[in-house]
Amino acid sequence: MARKPDIFDEIILYLKENQNADFSLSDETRKELFSTPSPKPAVTPQNIPVSAPAAPAPAPVSSAIPAAPAAAPVPAAIPQSAPPPAAVRPFADVAHMDWDTLKQTAMQCAGCELCKTRNSVVFGEGPRDARLMFIGEGPGADEDAQGRPFVGRAGELLTRMITAMGFNRATEVYIANIVKCRPPGNRNPLPEEANLCKQYLLRQIELVNPKAIVLLGAVPLFYLYNLKGVTKLRGQWLDWNGIPVMPTLHPAFLLRDPRQKAPVWQDLQQVMKIFGKTPPPPRKA
Ligand code: SF4
């Protein structure tokens with residue numbers, strides 16, 4: 001059954017139909033949006049964008065970001081009671097690895113029990129100097145099969161969210177997860193798995209050094225900030241060593257509850273402002 005167009009389709013269509021307007025799009029995004037034929041219009045220009053609410057007036061980044069909650073101290077968070085089952089203990093040096101060593105180490109990692117059931121280590125993807133980073137929870141079945149993050153239905157939605165923001169997923173955004181191997185049955189990662197594996201992620205954040213980070217769902221919020229309640233905390237800036245961090249809802253959750261797409265679009269518009277990107281105008285009454 002064909003998917004119903006959502007707010008992100010509407011925004012993308014609006015961008016395509018208003019290519020002469022200044023939306024601060026990168027060359028890559030313009031190429032992606034305007035070099036391919038427009039899809040069959042799902043909505044009319046008169047009602048685009050339908051549900052994008054007016055974003056609040058931009059606040060200077062420095063004042064919009066509350067005092068940083070203490071970033072979880074990584075070594076202390078590693079449960080000492082759960083030593084890696086394999087003889088190789090890569091984590092002592094992870095914090096100082098260069099990109100290639102980090103990736104090579106992760107791809108061979110047997111640090112936790114998830115190594116026994118995975119098909120792939122999903123290291124993350126995107127340019128190593130991406131300005132925007134998305135952090136999710138962990139690979140699902142599709143990601144485990146393909147070895148790439150966010151390639152299933154939730155990934156397709158994330159890609160449209162990124163495009164609606166005026167970014168090109170392949171060339172401008174880095175995507176990673178708290179854990180790099182699939183938890184069986186798509187369960188949440190266990191604390192010993194997440195706290196161990198996230199050391200790779202913390203080094204990835206350091207190496208990418210993005211201008212902003214978007215957290216997708218409850219799991220990264222908990223394992224990076226020890227905070228619970230993403231539905232209450234979404235849309236409120238956090239700080240990670242000077243990098244503004246926007247928690248929002250996971251695309252898989254949006255698939256289950258599409259009404260949440262509009263508030264998530266508000267969160268993403270706040271992120272766009274960090275990059276000087278102008279969100280498309282709200283629907284005229
Ligand atoms: S989930 Fe992370 S720590 Fe566990 S085996 Fe995979 S890469 Fe290693």
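Minimum interatomic distance between Pro244 and Lys211 (heavy atoms only, all atoms of both residues): CD-O, 3.2 Å. The minimum heavy-atom distance between Cys181 and Val121, with the atom names listed, is SG-CG2, 4.1 Å. Minimum interatomic distance between Val151 and Glu143 (heavy atoms only, all atoms of both residues): N-OE2, 2.9 Å.
Both Ile205 and Ile175 sit in one connected hydrophobic cluster of ILVMFWY residues. Membership requires side-chain heavy atoms under 4.5 Å apart, directly or through other members. Cluster membership for Phe275 and Val208, using ILVMFWY side-chain heavy atoms within less than 4.5 angstrom, is shared.
Checked against the 6.0 Å centroid criterion, the rings of Phe150 and Phe134 do not qualify as a close aromatic pair.
Contact check on Glu125 versus Arg169 returns a salt bridge, with a Lys/Arg side-chain nitrogen under 4.0 Å from an Asp/Glu carboxylate oxygen. Ion pair Asp9/Arg160 flagged as a salt bridge, since at least one NZ, NE, NH1 or NH2 atom sits closer than 4.0 Å to an Asp/Glu carboxylate oxygen.
No more than 12 heavy atoms of other residues, nucleotides or ligands lie within 6.0 Å of CZ in Arg153, so this atom counts as exposed by the packing criterion.
Relative orientation of the Trp265 and Phe8 rings is perpendicular, given thresholds of 30° and 60° on the angle between their planes.
In this structure, the side chains of Thr159 and Glu156 stay at 4.5 Å or more apart for every pair of heavy atoms. Looking at Tyr225 and Pro247, their side chains never come closer than 4.5 Å, going by heavy atoms from C-beta outward. Between Leu132 and Met165, the closest side-chain pair of non-hydrogen atoms falls below 4.5 Å. Using a 4.5 Å heavy-atom cutoff, the side chains of Thr105 and Tyr200 are in contact. Counting heavy atoms from C-beta on, the side chains of Asn209 and Ile243 come closer than 4.5 Å. Using a 4.5 Å heavy-atom cutoff, the side chains of Thr117 and Pro183 are not in contact. Side-chain contact between Ile178 and Leu224 is present, with at least one heavy-atom pair separated by less than 4.5 Å.
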Give every donor-acceptor pair under 3.5 Å between a side-chain atom in residues 251-262 and any protein atom, sequence neighbours left out.
residue: Asp257; atom: OD1; partner: Arg259; partner atom: N; Å: 3.3
residue: Asp257; atom: OD1; partner: Arg259; partner atom: NE; Å: 3.0
residue: Asp257; atom: OD1; partner: Arg259; partner atom: NH2; Å: 3.4
residue: Asp257; atom: OD2; partner: Arg259; partner atom: NH2; Å: 3.3
residue: Asp257; atom: OD2; partner: Gln260; partner atom: NE2; Å: 3.2
residue: Lys261; atom: NZ; partner: Asp6; partner atom: OD2; Å: 2.8

Side chain to side chain contact (heavy atoms under 4.5 Å, CB included) between Leu238 and Leu227, intermediate numbers included: CA-CA 11 Å; Leu238 299 170; Leu227 289 174; 4.3 Å; yes

